[in-house]
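Order of the sequence lines sets the chain letters (A, B, ...), proteins ahead of strands, with each chain counted from 1.
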There are 2 protein chains.
Amino acid sequence: MSVYTEKNRKTKQLIQKSFMEILESKSFESITIGDITKTAQINRGTFYLHYQDKFDLLDQIEQQLFEDLGQHIDELQSRYSSTQTFEKEQEQLAATLFSFIEIHAPMLKIFLSDHGRAGFHIRFKNAVSTKVRFNLEKNESFTANLKVPMEYFLSFITSAFLGLIEQWVQNGLDKTPQEMTALYIDIILFIKKR
Amino acid sequence: MSVYTEKNRKTKQLIQKSFMEILESKSFESITIGDITKTAQINRGTFYLHYQDKFDLLDQIEQQLFEDLGQHIDELQSRYSSTQTFEKEQEQLAATLFSFIEIHAPMLKIFLSDHGRAGFHIRFKNAVSTKVRFNLEKNESFTANLKVPMEYFLSFITSAFLGLIEQWVQNGLDKTPQEMTALYIDIILFIKKR
DNA sequence: TCAATTTTCAACAGGTTGTTTAGTAGTACG
DNA sequence: CGTACTACTAAACAACCTGTTGAAAATTGA
């Protein structure tokens, strides 16, 4: 029984790996099921035994990514929560995000590019927003002093963060996650000083 | 002669209008040339007399949008340049951008959503970045004090701006461009005070 | 060995693409 | 007026991709 499950899992993984491979040189729009199964060296019909279509395939990869992201952040929260200042915690959150990005950089580079699927940056932003919102709302003085609607502030700050990520990934990860965190703090300080 | 040119122009416009119309209820990926020509009530072959394919069609609409954006900003620059402080000028630039967005909101709402084409937000960001960079580099004290690479700062700030735009458009333009400018300033002030 | 499961193979109808060829309607101009 | 030009139409074409099917083959379990 579990050998069947294992075989099933391996084929799905093979399909995903081949798919991501092709995605580096071809846009999602122009990739056909035939392209994928040819690379994976499996029958075209086999693809349909595992996925409804190529949208379903991408959906599942995306969902896995967002789940991983959530878990990565939750782990941090439970470890360091309330053992340090609010500012330090924000910094820690930033560092966690950057290290997550580093791990998944090849995938993110594609998904954020024009080879990916429309709207990914929005879905990614929402996934991050949920976590950031939770973190910010823990601090009462923060929410009390915020004069603008939370949704606008969240969209502002997570997009800004995503901007750094995009530049970083586009530059081929020219910095370490620690350097990126420092860079992020430097920008905030620069804005404060002006 | 000009009657031919005019007819040609009108057909292209009809195709573009029909295309944008369909794009509200169907994603770019799933739209066929047949969908477009059926809505426009023209022969399918006629489409190919004006565009290479649906990618070419979207490219031309996008390019027009970015040209308009550039012109909109350039106009502002030539009118108010150097007659006010750097900060006021930045504020003016923000206001100009928000008013441009308001005009093109229906199109932007689609292009930034999952009905659009992958990578649009990057291309849009680049178009805005070019203009913002020009504006920032005019101020020597600004560039002198900036410790982080300009590309990272630009990506950070234009993405943040794009985040506000996305939220605004998604909220169905619940504010005026003036209110959005004020909101933008409030966020900057909030970050400074903390 | 026999049954269950996964994958393969070939074929199918239906749809989309981009091109072509021939024909129609309107316009320009000597 | 008549000829040439232009935009568009209509229909057909091969090539390709889709998602599904039915039967067979290969792998694994008991």
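- Taking atom CZ on Phe47(A) and atom C1' on dT20(D), their separation rounds to 14 Å, with Å as the unit.
- Residues Phe28(B) and Phe111(B) keep their aromatic ring centres 6.0 Å or farther apart.
- If you take CG of Asn43(A) and C1' of dT20(D), they are 13 Å apart, rounded to a whole angstrom.
- Side chain of Lys7(A), nearest nucleotide from dT17(C), dG19(D), dT27(D): dT27(D).
- Distance Leu49(B) CG to dT20(C) C1': 12 Å, rounded to the nearest Å.
- When rounded to the nearest whole Å, the span between CG of Leu14(B) and P of dT9(D) equals 10 Å.
- In this structure, the NZ atom of Lys54(B) is 10 Å from the C1' atom of dT16(C), given to the nearest Å.
- Of the candidates dT19(C), dG19(D), dT8(C), dT8(C) carries the atom nearest the Ile42(A) side chain, counting heavy atoms from C-beta on.
- Not a single donor-acceptor pair under 3.5 Å links the side chain of Ser155(A) to the backbone N or O of Glu151(A).
- Counting to the nearest Å, the C1' atom of dA7(D) and the NE2 atom of His50(B) are 7 Å from each other.
- Between Glu24(B) and Lys109(B) there is no salt bridge, since no side-chain nitrogen of the basic residue lies less than 4.0 Å from a carboxylate oxygen of the acidic one.
- In terms of modelled atom types and a separation under 3.5 Å, the side chain of Lys192(A) and the main chain of Arg194(B) share a donor-acceptor contact.
- Considering only the side chain of Thr11(B), dA7(D) comes nearest among dA7(D), dT20(D), dT7(C).
- Between the side chain of Tyr4(B) and the base of dG26(C), a donor-acceptor pair under 3.5 Å is found.
- Between Arg117(B) and Asp59(B), at least one side-chain N (NZ, or NE/NH1/NH2) sits under 4.0 Å from a carboxylate O, which counts as a salt bridge.
- Comparing dT17(C), dT18(D), dT6(C) by their closest approach to the side chain of Asn8(A) singles out dT6(C).
- When distances run from any side-chain atom of Thr32(B) to the nucleotides dT16(C), dA28(C), dT7(C), the shortest one goes to dT16(C).
- As rounded to whole Å, 9 Å separates atom P of dG19(D) from atom CD of Gln52(A).
- Atom NZ of Lys38(A) is separated from atom P of dC17(D) by 9 Å (rounded to the nearest Å).
- Among dT6(C), dT9(D), dG18(C), the nucleotide with an atom closest to any side-chain atom of Tyr48(B) is dG18(C).
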